[in-house]
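Report on the structure given below.
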Amino acid sequence: MPERLKKRAMRVVGVRQVLRALKEDELERVFLALDAAPNLRGQIEEAAREKEIPVQMVATMEEMAQLCRVDVPSAAAGLRKTT
């Protein structure tokens with residue numbers, strides 16, 4: 001996993017934030033928890049596919065929280081584009 005997921009300025013965490021960032025074309029990669037609700041996973045996968053953003057799967061929402069250094073389980077995260 002990229003170290004940049006640990007840096008707050010380089011990532012977004014949470015389904016709403018990831019969907020918003022995808023819509024605004026701010027992400028270069030999306031991370032999605034396999035145990036997230038199927039309807040949420042579907043929304044994110046579809047939005048990422050439309051923007052041609054690669055999606056990398058993470059085993060659990062708890063693992064995603066650890067990778068992003070947040071306190072709550074998270075279904076999705078995204079890496080912001082670097083300039």
Side-chain angles (χ1 to χ4, degrees):
M1 287 291 138
E3 283 293 313
R4 293 187 298 153
L5 267 182
K6 296 177 182 177
K7 297 178 182 176
R8 185 179 303 238
M10 299 300 296
R11 57 143 163 94
V12 294
V13 180
V15 172
R16 282 189 223 141
Q17 291 84 350
V18 168
L19 287 171
R20 185 180 314 121
L22 280 167
K23 183 179 177 183
E24 295 173 5
D25 202 28
E26 295 177 354
L27 301 180
E28 67 180 42
R29 180 174 300 272
V30 170
F31 296 87
L32 192 55
L34 288 170
D35 65 343
N39 62 326
L40 298 178
R41 284 191 10 224
Q43 288 178 34
I44 292 172
E45 287 173 328
E46 182 178 338
R49 187 172 35 254
E50 287 175 7
K51 295 288 186 172
E52 298 180 359
I53 305 295
V55 176
Q56 187 169 340
M57 303 310 276
V58 175
T60 66
M61 295 191 307
E62 287 79 16
E63 183 180 337
M64 182 81 73
Q66 289 176 349
L67 290 169
C68 296
R69 294 185 178 174
V70 295
D71 295 331
V72 295
S74 301
L79 281 179
R80 294 188 188 276
K81 292 180 178 178
T82 56
T83 54

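All values reported here derive from a predicted model rather than from experimental measurement. Note that the numbering runs from 1 along the sequence shown for the chain.
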Exercise: identify the closest heavy-atom pair between [X] and [Y]:
{"X": "Arg41", "Y": "Leu34", "answer": "NH1-O, 2.9 Å"}
{"X": "Ile44", "Y": "Ala76", "answer": "CD1-CB, 3.4 Å"}
{"X": "Pro73", "Y": "Ala65", "answer": "CA-CB, 4.0 Å"}
{"X": "Ala77", "Y": "Met64", "answer": "CB-SD, 3.7 Å"}
{"X": "Ala48", "Y": "Val30", "answer": "CB-CG2, 4.5 Å"}

Is a donor on one side and an acceptor on the other found under 3.5 Å between the side chain of Arg80 and the backbone of Val12?
->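 Pair absent, no side-chain N/O of Arg80 close to backbone of Val12.
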
Counting heavy atoms not belonging to Asp25, are there more than 12 under 6.0 Å from its CG?
-> yes

[atom1] of [X] to [atom2] of [Y]: how many Å apart, nearest 0.5 Å?
{"X": "Glu26", "Y": "Ile53", "atom1": "CD", "atom2": "CD1", "value": "11.0 Å"}
{"X": "Met61", "Y": "Leu32", "atom1": "CE", "atom2": "CG", "value": "10.5 Å"}
{"X": "Met57", "Y": "Glu45", "atom1": "CE", "atom2": "CD", "value": "5.5 Å"}
{"X": "Glu63", "Y": "Ser74", "atom1": "CD", "atom2": "OG", "value": "12.0 Å"}
{"X": "Glu24", "Y": "Leu19", "atom1": "CD", "atom2": "CG", "value": "11.5 Å"}
{"X": "Leu22", "Y": "Glu50", "atom1": "CG", "atom2": "CD", "value": "9.5 Å"}

Quick one: does Phe31's side chain get under 4.5 Å of Leu79's, heavy atoms only?
->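 Phe31 reaches Leu79 side chain to side chain.
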
With the 4.5 Å side-chain cut-off for hydrophobic clustering, are Val55 and Leu27 part of the same group?
-> yes

